[in-house]
Each structure stands twice: as C-alpha cells, then as structure tokens.
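Taking it in order: structure first as structure tokens, then the write-up.
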Amino acid sequence: MSARLEADTPPHRYTADLAAHIESRWQARWDADGRYETPDPAGSGSPEHSSAGPKLFVMDMFPYPSGSGLHVGHPLGYIATDVYVRFKRMCGFNVLYTMGFDAFGLPAEEHARQTGQHPRINTEANIDNMRRQLARLGLGHDKRRSIATTDVDYYRWTQWIFLQIFNSWFDPDAGRARPVSELIDEYESGRRQPPGGRRWEDLGERARRELVDSQRLAYVADAPVNWCPALGTVLANEEVTNEGRSERGNHEVFKRPLKQWMMRITAYADRLLEDLDRLDWPDSVKTMQRNWIGRSEGALISFKTATTRPGPQHVIDVFTTRPDTLFGTTYMVLAPEHPRVDELTADAWPAGTPGSWTAGAATPRDAVAVYRARAAELSDADRSDSKTGVYVGCDVRVPFSDAPVPVFVADYVLMGYGTGAVMGVPGEDQRDREFAEAYGLPVIRTVQPPPEHPDELAYTGDGPSINSAFLDGLDMAASKALILERLQEAGTGSPKVNYRLRDWNFSRQRYWGEPIPIVFDEHGPVALPEDMLPLELPELTDWAPRALARDSEPEPPLGRVTDWVDVEADLSGGDGLRRYRRELNTMPQWAGSCWYYLRYLDPRNDDSLVDPDVERYWMADPEPGAVGGVDLYVGGVEHAVLHLLYARFWHKVLYDLGHVSGLEPFKRLINQGYIQAYAFKDARGVYVPADEVEGTLQEGFTHDGRPVARELGKMGKSLKNSVTPDDMYASYGADTLRMYEMFMGPIDQDRPWETRSVVGSQRVLQRVWRNIVDEETGELRVVDEGPDDELLRVLHRTIDGVRSDMEGMRFNTAIAKLTELNNDLTKRASGAPREVADVVIRMLAPLVPHFAEELWHRLHGSGAGSVTQAGFPAADPALLVADTVEVPVQVNGKVRGRVTLAADADAEFAVAAALAEPNVAAHVGGRELRKQLYVPGRMITLVV
RNA sequence: GCGGACGUGGCGGAAUCUGGCAGACGCGCUGGGUUUAGGUCCCAGUACCCACCAGGGUGUGGGGGUUCGAAUCCCCCCGUCCGCACCA
C-alpha cells in the first residue's frame with residue numbers, strides 16, 4: 001500500500017505515509033519535551049509544566065498484558081479518555097492521566113508451565129509490546145507514573161494494605177474499621193468483655209488469639225476448593241467442566257476444604273449499598289451492585305423439634321422475608337449441606353409416613369444419605385428445576401399454633417443463603433407450592449387473594465391476613481410488624497437483615513500472584529512486620545505438573561519451595577528467633593487492581609503508598625456531600641460488580657483507617673461499549689478468516705467460492721475476525737483510526753466494526769488538510785482576510801456545539817459538526833481564512849493530535865508552542881444570536897412553508913408573515929384560525 | 001421468572017435530557033467529472049410512495065393516551081441485548 005504512491009497522487013496529500021511520518025515525528029518530540037507529564041503539588045512533579053488550573057484525574061481500567069496483542073476494539077475507551085483529557089487540558093485543567101498493567105494472572109502462569117520460562121519474563125515482554133502499541137496511538141499518558149501490579153515496588157504496598165486490613169476489625173457500634181490494637185486495649189482494660197461470660201484475664205494465649213482473629217477484617221476459614229490431584233493443582237470454577245472434571249486433561253476434580261483467607265466485605269454491605277446513591281455511575285451498574293449485595297429485611301424464626309424421643313430438643317432457625325405468613329407453614333426444608341441434618345435424621349420412619357417421602361429407602365438415614373450424596377455431585381446449576389426432597393423422619397412445631405410439621409431435606413434450599421433452612425409456606429410462595437404439590441403437603445392461605453387469583457398458584461401480593469390467629473384482618477405491613485413484636489416477646493424470633501453478598505475468598509492456590517505477608521505459629525496467623533515488606537515471590541524452578549494420589553491434600557505451588565516454606569525470624573522483637581511456617585496461597589488478581597489509582601498519584605514513594613498531601617490534592621472533592629475519588633473512570637461493564645465492589649471496599653477500609661481522604665474511589669464511571677465485528681461460518685459451522693471473505697449482504701458472502709453465513713460477535717481470535725491497530729496505521733494512520741473510533745457512535749454503545757468505513761474519516765481529514773495546505777506545493781493555502789459575517793457566525797455556532805459535545809464526551813456529534821464546518825469551507829473556492837484555520841485546528845487537536853500539531857506548526861511557524869497548550873476555542877455569545885431566523889409554519893400539524901423573520905419578531909407579526917406565504921395561505925384556505933402559536937425561533941403553528 | 005437497557009433509511013448513527021422542520025455526519029449505492037483503464041480524488045443525488053415540476057401522501061417496532069404539536073412524555077403489547085437466577 002505504502003509503496004503505491006501513484007504519479008497522479010499529489011505529493012503533499014494527507015496520505016497514510018504522510019500521517020505515519022507526522023505521527024512518529026511528533027510522538028518523539030512530545031516524549032523529549034515531557035509534554036504529558038503532570039505536576040503535583042508535592043512529590044516528583046516537574047515544575048516547568050506546573051499549572052494553576054483545577055485538577056482532574058481521569059483513568060481507564062488498566063489492561064491485562066495479553067500475549068496476543070491488541071485489536072482495534074481494545075483502545076476504544078483509551079482513545080475516548082485521551083480526547084477528553086486533551087480537551088480539558090486545553091481548557092486549563094491540570095489533568096492526571098496515565099496507564100498501568102494488571103499483570104499478575106493465570107495466562108502468564110500457564111505459559112510458564114508450558115515453556116518452563118519464568119512468568120516475569122513473558123509478562124514484561126508483553127507489557128513492552130503493549131506499551132509500544134498504545135504509544136503508537138498517541139495517547140497523552142504521563143509515562144513516568146505507569147505501574148505494573150507485578151512490580152516489587154508496587155506489590156510491596158499491596159501487601160502493606162493487606163496487613164492494614166488484617167490488623168483491623170469492624171466495630172459495629174462505630175460502623176467502621178478500627179485497628180485491632182484498640183480492640184485488644186479494650187479487652188485488657190476491661191472496657192470490653194469477651195462473649196460467653198468469659199474474662200480476658202482468664203483466657204490463655206490461644207483463646208485470646210482466636211477471639212481477636214475471629215474479628216479481623218481478614219481472617220482464615222475453611223472453604224471448598226477444586227482440587228485436581230492428577231494436575232497437582234487447584235482449579236478455578238471456570239476450569240472445571242460441567243461433568244466435574246478438569247478442562248485441561250479431563251482429570252478427576254474433588255471438592256476439598258482448604259484454609260482460605262477471607263475478607264469481611266459483608267461488614268461493609270450497608271455502606272457499600274448506601275453510598276451508591278452518591279456516585280455518578282450508570283444506573284445499570286448501580287443496580288447490579290445493589291442486586292449483588294442483595295439486602296433483604298425479614299426475620300429469624302426458631303422452630304423447636306416435636307420429637308417425643310428422649311434427648312435434647314433441637315432448635316432450627318429459618319430466615320424469612322414473610323414472617324407474616326408463619327401460620328401458613330406446613331413443612332420445613334433444610335439444605336442438603338445443612339450441618340444439623342444428621343442430628344435431626346431419625347433412625348426409622350414414623351408410622352404412617354407416605355411412600356413418596358421416603359424415596360424408597362428403608363430408613364430416614366439411608367434416604368438422607370443417598371439424597372445428600374446425589375446433591376453433592378451436582379453443581380448448583382444442575383440442581384433440577386423440579387422439586388425433590390426426602391423426609392428426615394422428624395417434625396418441628398410452628399410457633400404460636402404449635403402445629404407439628406414435617407422436616408425435609410431438599411436441594412431447592414441453598415446452604416449459602418440465609419440459614420440454609422426455610423419454612424415451607426405453599427400458600428404464599430410458588431416454590432413451596434410446587435414442593436407441596438409433589439409431596440402431598442397441605443396448603444394454607446394466610447393472605448386473602450383477590451377473587452380472580454387462580455387457586456392453584458401461590459399468592460405473593462398484599463391483602464388481609466387470614467387463618468393467622470391474631471394477625472387476621474391486618475395487611476402485610478401491619479402483620480409483619482405485629483408478628484415480629486410477638487416473636488420477640490416469646491423469644492422465638494427477631495428482625496433480621498440478610499445479604500446475598502458473602503465474604504470475599506482472598507486466597508488463590510497459584511504462584512503468579514502477590515505472596516500473602518503472613519506466617520503461622522502454633523496458635524495461628526502472625527503478620528509480618530512492615531519492615532519485612534516486600535515479601536518477594538521466591539523462584540520456582542520446577543514448573544512441571546506433578547500427579548498426586550487421589551487422597552492427597554491440596555497444595556499451592558509455593559509449597560514446593562521447601563527452603564522458603566519454613567522460616568526462622570524474630571517477629572515480636574524480643575522473643576528471639578522462632579520458627580514459623582509461611583502462608584502458601586497468593587492473592588487474587590483483584591488485589592492489585594483494588595488500589596492502583598492511588599499509586600498513580602505517587603508511584604515512586606518509598607515511605608508510604610501515597611503522600612497524604614498528594615492524595616488530598618488529586619482525590620478530595622471540595623463540594624459539600626462529595627465522596628472524592630477519581631473524577632472519571634472508564635472501562636467495560638464486565639467489571640460492574642467484582643472489581644468495582646472490591647475496590648470500593650478497600651477504599652472504605654483505608655478511609656476508616658485514615659489513609660485516604662474520601663469515601664469512594666471512583667466518583668464518576670462510564671462503561672464504554674464494545675466493538676463487535678462480523679464473523680463468517682462455512683457450511684460445517686467452522687469460522688473462516690473474516691478478511692478473506694468476499695461479497696455483500698445482497699449478493700451473499702463467499703469464502704474460497706463457497707457460501708458462508710455472517711454473524712456479529714466479539715472481535716477476537718476465536719471468531720477469526722480481528723482487525724489490528726497496526727493494519728489501520730499502515731492503511732490510514734493513527735489519527736484516522738482515532739477519529740473513526742470516536743465517530744462510530746456514542747461512547748457507551750456497542751457498535752460493529754467496518755473497515756471499509758474508516759476511509760470516510762480519512763477523507764474528512766484530507767479535506768481539512770486541503771483547505772489549509774496546497775496538495776501540489778505543500779505551501780499554506782490560508783488567506784489573510786478575515787471570514788465574512790456568515791462564515792463567522794457558522795464558525796461560532798460550531799465552536800459552541802463542539803465545546804459542549806466535548807464536555808459531554810459526545811465525540812461522534814462533535815466530529816459531525818466539525819465536518820459540516822469543513823464542508824462549508826470546502827465549498828468556498830479559496831483557502832480557509834487564517835483565523836478560521838487556527839480555530840479549526842485547535843478544535844481538532846484533542847481528536848487528532850498529531851495532525852493538529854503538524855498543521856498548527858505549519859500555520860504559526862516552527863517557533864509556535866504546542867497546540868496541546870493552546871486554549872480550546874470559546875464562542876463569542878454575540879455571534880450566536882442570529883438577527884434573522886427561518887421558521888417553519890405548521891397548518892394542522894403539517895409543515896406547509898417557511899418564513900424568514902427578525903429574531904425578535906413577536907407572535908402577531910410572525911403569524912401575519914406566515915399567512916402571507918402562498919402555500920400556507922392555500923392550506924388555510926381563508927378559513928378561520930382556531931388557534932395560532934409562535935414559539936420564537938422554532939415554529940409557527942396555525943390550527944383551522 | 002426477576003431486574004436493567006434498547007428498538008429511527010441498505011448500514012453506523014443524529015434529533016430523545018429540555019415535546020416544535022425526523023434522518024445531521026459518515027459508509028454504501030446511483031449519476032457525472034478527472035484518469036488510457038481500474039483505484040484514488042472531486043461534484044450532485046439518495047427514507048418510502050405518487051408526480052415532469054410545483055407539490056402531495058406515508059413514515060421513528062405495534063396499539064392506545066396526553067397535547068395545538070410526540071421519535072421524544074404516559075400506559076399496554078411485541079422484539080433484541082445484558083445482568084441475576086430456586087436468594088426463602
């Protein structure tokens with residue numbers, strides 16, 4: 001392509017070759033000048049670029065440095081933030097804008113396992129490649145501030161934050177995290193008593209440690225992992241097939257409990273929920289977070305067993321959001337994993353047990369054992385839609401009514417939600433209704449349904465309570481209030497807020513992650529002191545998978561580094577050297593991405609994760625009620641819940657402990673859309689390379705002469721439809737690519753990639769170029785006389801529109817307005833007036849920075865400063881008001897003509913002018929006007 | 001099932017927030033110019049239907065409503081996409 005400089009292409013046309021030349025020249029110059037380095041009020045900023053303007057912190061979600069490189073879909077959000085940042089800089093803002101890499105993760109470890117090469121080598125090569133690809137786009141990042149989560153200097157502070165969390169507990173009275181040292185002080189001074197009537201002084205070392213450890217924000221608990229002995233590793237849920245085997249190698253996988261680090265995010269559930277209201281985020285993301293937290297108000301109700309057997313009476317708690325339906329309870333269900341199932345299960349079927357309740361087993365123990373074994377094999381998704389269960393041979397009594405009801409084990413009740421036990425109310429809950437039908441259980445309605453409500457369905461709406469003793473006649477809200485009061489009086493129940501959110505499992509049985517800075521002594525976990533950070537990953541020389549016996553214990557890769565596992569250290573300063581065993585799990589990939597925005601602020605600080613003055617400058621928001629945080633955060637919706645929730649959680653902990661100044665990490669969030677691409681399948685259903693397909697939608701598409709079917713999907717290797725930025729640079733240049741991606745549609749919308757359309761953006765730039773530079777001689781074409789009045793007004797209307805579009809990140813319409821203005825210039829035979837060219841170049845600068853910088857220097861001479869520092873044009877308000885306006889005239893709702901009026905014409909004059917217009921007069925036809933309206937400057941409406 | 005977003009020419013989209021000329025801008029397509037030709041580039045046209053024109057009719061997923069006036073606001077339905085999914 002580049003070699004095809006045909007004889008008839010003018011030598012100074014804006015072609016891909018010229019663009020490449022311009023782009024590399026200005027990129028080198030900008031780098032040499034430190035053009036995009038942002039000064040700080042303190043710390044390492046360079047004073048010569050200091051700016052008095054207001055601060056703005058703009059950030060993209062940083063990428064994982066994948067080995068396969070970029071396609072044109074990846075940088076969409078980066079281009080958008082870059083355009084916005086350049087615009088705000090030209091408006092006088094001091095903008096912080098950089099890019100880092102989320103570089104721990106599975107693919108690098110997988111690559112290491114296959115090649116034997118250390119993941120750091122591969123990771124750093126990928127980062128270098130990605131930096132190169134992004135730099136080629138001309139993104140105005142402060143490169144000095146870039147970090148990778150795998151940098152030892154970075155993960156040192158990730159570990160430091162872990163220790164802060166470990167050394168904190170959540171004080172429910174204060175509603176915030178406090179240092180564990182304060183908790184211990186309170187125990188020691190007697191201001192706080194251990195639970196269960198024990199005394200701190202009487203507790204041994206182990207009991208004290210357990211008491212404190214159980215309240216930490218980071219704590220150890222047993223949680224099930226997917227242990228694959230054949231691979232000698234633990235697998236993520238995504239790596240396990242539906243059949244419960246390993247994706248790689250199809251080996252057996254076992255669920256095994258393993259000691260895991262948990263983060264007590266549930267303590268923050270209410271704050272995470274409430275503060276959502278204060279964020280400028282898409283409603284969809286807020287809704288997803290609300291649903292994920294899943295707060296529901298209800299009651300905890302205790303049911304006592306009705307057994308006549310000797311021995312202790314058992315009590316089972318259920319959670320319900322409908323305590324008002326208590327009197328409709330006709331059975332109880334426990335999840336198969338419920339820990340009390342064994343003690344409740346009877347030895348023999350009570351007399352008269354229906355056959356359908358026994359699953360054909362000889363005893364309840366047999367039936368329950370078979371049922372539980374089957375449930376354990378099934379993944380949650382496979383638990384069938386039809387309701388099944390078995391009777392455990394034991395009954396419980398419904399509070400107040402004292403009616404005995406049977407207890408079942410059924411897999412439609414989940415151990416992970418509420419108490420893992422529910423009261424079955426088939427009258428008011430459709431799931432319970434289906435179970436009751438299957439097992440012939442009675443149905444008692446406790447809310448009077450409306451007459452049209454079908455008999456066979458549960459009724460979940462509001463209405464007067466019935467069959468409910470003292471609740472009868474009350475509506476749902478009143479019934480709930482009264483039953484809660486009575487339950488509390490009777491000591492058999494209490495109000496309860498339940499959450500779907502669960503504590504965050506923070507352990508990964510992986511090598512390529514941050515080591516957790518914890519060691520264990522005989523009593524439990526001990527934090528490494530801060531001065532022992534960073535705790536560096538040890539070398540792992542043996543990458544080969546090792547097959548282990550079926551009954552082996554799960555073991556993280558770090559367990560293989562035998563000289564690292566056991567450590568002798570003096571941790572308490574004074575006790576002398578003691579032996580400890582290291583934590584072998586590493587942190588999840590989320591850890592590094594939970595706080596990287598803070599490190600951008602002060603990336604080389606060795607004394608703290610961020611200097612407090614610097615943090616306040618960039619993160620504090622002086623507005624009353626403001627939450628602080630990054631001013632604009634742009635990234636994909638796939639992080640709507642986990643990343644954004646975990647980061648908010650960490651930020652709130654850091655806030656509680658006084659390390660950051662605001663409540664929230666990200667004040668404003670925008671989800672950029674995805675670039676989709678057409679993919680083509682042949683008759684066998686196999687994808688063929690999209691760039692080899694010929695034909696059109698009308699004629700049909702073919703590959704190698706055979707017909708193929710088109711579909712729209714994610715751009716990527718699997719659909720063979722990737723288009724790389726490098727292809728676009730070669731054919732059009734980076735500026736054209738930037739402009740096309742911004743022109744395709746609104747930033748938050750998905751859109752299909754169409755390579756053939758890219759030329760449109762190049763043509764626009766070529767026309768702009770041609771209006772300023774002579775394609776034959778390379779000389780400037782601009783004329784010195786100023787624009788005429790009409791052009792001047794068009795120019796200022798354009799400035800006004802482009803400015804507000806840029807502010808609102810509506811780059812597609814900003815480009816349309818600039819194109820329109822340029823088309824207007826093109827129609828005038830002479831070159832652009834110098835004054836107009838100057839303004840157009842400045843307006844284009846955020847979108848196509850190299851192109852604008854080049855024209856700026858051609859226009860103003862080599863001594864001119866950078867266009868990136870020129871002011872963004874501002875419209876003259878006097879030129880925005882036209883003295884005459886053309887106004888459409890509607891007769892009975894149809895536009896029948898237009899009249900030109902003075903801008904300040906009154907209604908009477910406007911209507912008179914409208915009636916004078918022949919076509920309007922013809923449609924009025926001399927009839928009487930029933931109504932006449934003039935919306936100044938917009939519309940004249942006549943009704944006859 | 002629950003929740004959210006969205007539905008406009010052959011295509012991407014504009015106008016939706018704040019009701020007031022539907023289709024800006026670009027792709028594609030049609031015709032013309034430049035060129036030996038193709039490509040590039042330039043000019044004109046391009047929602048659909050009727051009409052030589054002037055002009056007229058229809059039209060923003062479907063139906064209803066509010067209004068002088070609805071793509072825009074309200075209600076119902078249909079469809080597409082996304083999230084959650086036996087959450088008690």
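Below, chains carry the letters A, B, ... as their sequence lines are ordered, and counting in each starts from 1.
Looking at heavy-atom distances under 4.0 Å, A:Arg896 makes contact with sugar-phosphate atoms alone, never a base. The residue A:Glu775 sits apart from the nucleic acid: no heavy atom pair falls under 4.0 Å. Using a 4.0 Å heavy-atom criterion, one finds that A:Asp750 contacts the sugar-phosphate atoms exclusively. Backbone-only engagement by A:Pro746 is indicated by non-hydrogen atom pairs under 4.0 Å involving sugar-phosphate atoms exclusively.
Nearest to the side-chain atoms of A:Asn919 among the listed nucleotides B:G12, B:G55, B:G4 stands B:G55. When each of B:C68, B:A88, B:G3 is scored by its nearest atom to the side-chain atoms of A:Val422, the top-ranked nucleotide is B:A88. Here the side chain of A:Val413 is nearest to one of B:A14, B:C68, B:A88, namely B:A88.
Here B:G45 sits opposite B:C29 as a Watson-Crick or G-U wobble pair (both hydrogen-bonding atom distances under 3.5 Å). The pairing partner recorded for B:U16 is none, the criterion being a Watson-Crick or G-U wobble arrangement whose two distances lie under 3.5 angstrom. Pairing partner, B:G79: B:C6, with both Watson-Crick or wobble hydrogen-bond distances short of 3.5 Å. Look at B:G1: its Watson-Crick or wobble partner, with both distances under 3.5 angstrom, is B:C84.
With rounding to whole Å, A:Asn671 atom CG is found 12 Å from B:G83 atom C1'.
Crowding of A:Glu908 atom CD: a count of heavy atoms from other residues, nucleotides or ligands under 6.0 Å not exceeding 12. Counting heavy atoms of neighbouring residues, nucleotides and ligands inside a 6.0 Å radius, atom NZ of A:Lys286 exceeds 12 of them.
Residues A:Asp906 and A:Tyr934 have side chains that never bring a donor and an acceptor to within less than 3.5 angstrom of each other. With hydrogens and angles left out, the side-chain atoms of A:Ser296 and A:Thr321 include no donor and acceptor closer than 3.5 Å.
Using a 4.0 Å cut-off, some side-chain N or O of A:Gln749 falls inside it from OP1 or OP2 of B:G13. A close approach under 4.0 Å does not occur between any side-chain nitrogen or oxygen of A:His923 and OP1 or OP2 of B:G55.
Sorted by residue number, the members of residues 492-502 of chain A with any non-hydrogen atom under 4.0 Å from RNA chain B read A:Arg500.
Residues A:Tyr439 and A:Tyr331 place their aromatic rings such that the two centres sit no closer than 6.0 Å.
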Do any N or O atoms of the protein come closer than 3.5 Å to N or O atoms of nucleotides 20-30 of chain B, and which pairs are they?
from, atom 1, to, atom 2, distance (Å)
B:G20, N2, A:Gln890, OE1, 3.4
B:G20, N2, A:Thr941, OG1, 2.8
B:C21, O2, A:Arg898, NH1, 2.1
B:C21, O2, A:Arg898, NH2, 3.3
B:C21, N3, A:Arg898, NH1, 3.4
B:A24, O2', A:Glu820, OE1, 3.2
B:A24, O2', A:Glu820, OE2, 3.3
B:G26, OP1, A:Arg767, NH2, 3.2
B:G26, OP1, A:Asn823, ND2, 3.1
B:C27, OP1, A:Arg763, NH1, 2.5
B:C27, O2', A:Ser757, OG, 2.9

Quick one: which protein N/O atoms are closer than 3.5 Å to N/O atoms of nucleotides 45-47 of chain B? Pair and distance per line, please.
none

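Residues A:Gln289 and A:Leu272 fail the side-chain proximity criterion, which asks for heavy atoms closer than 4.5 Å.
Cation-pi geometry between A:Lys387 and A:Phe435 is not satisfied (NZ or CZ under 6.0 Å from the ring centre, within 45° of the ring normal).
Ring orientation note: the planes of A:Tyr459 and A:His453 are nearly perpendicular, at an angle over 60° on the 30°/60° scale.
Residues A:Arg810 and A:Ala421 both approach RNA chain B. Their nearest nucleotides, taken by heavy-atom distance, put A:Arg810 toward the 5′ side.
Comparing B:A22 with B:G59, their P atoms sit 13 Å apart, to the nearest whole Å.
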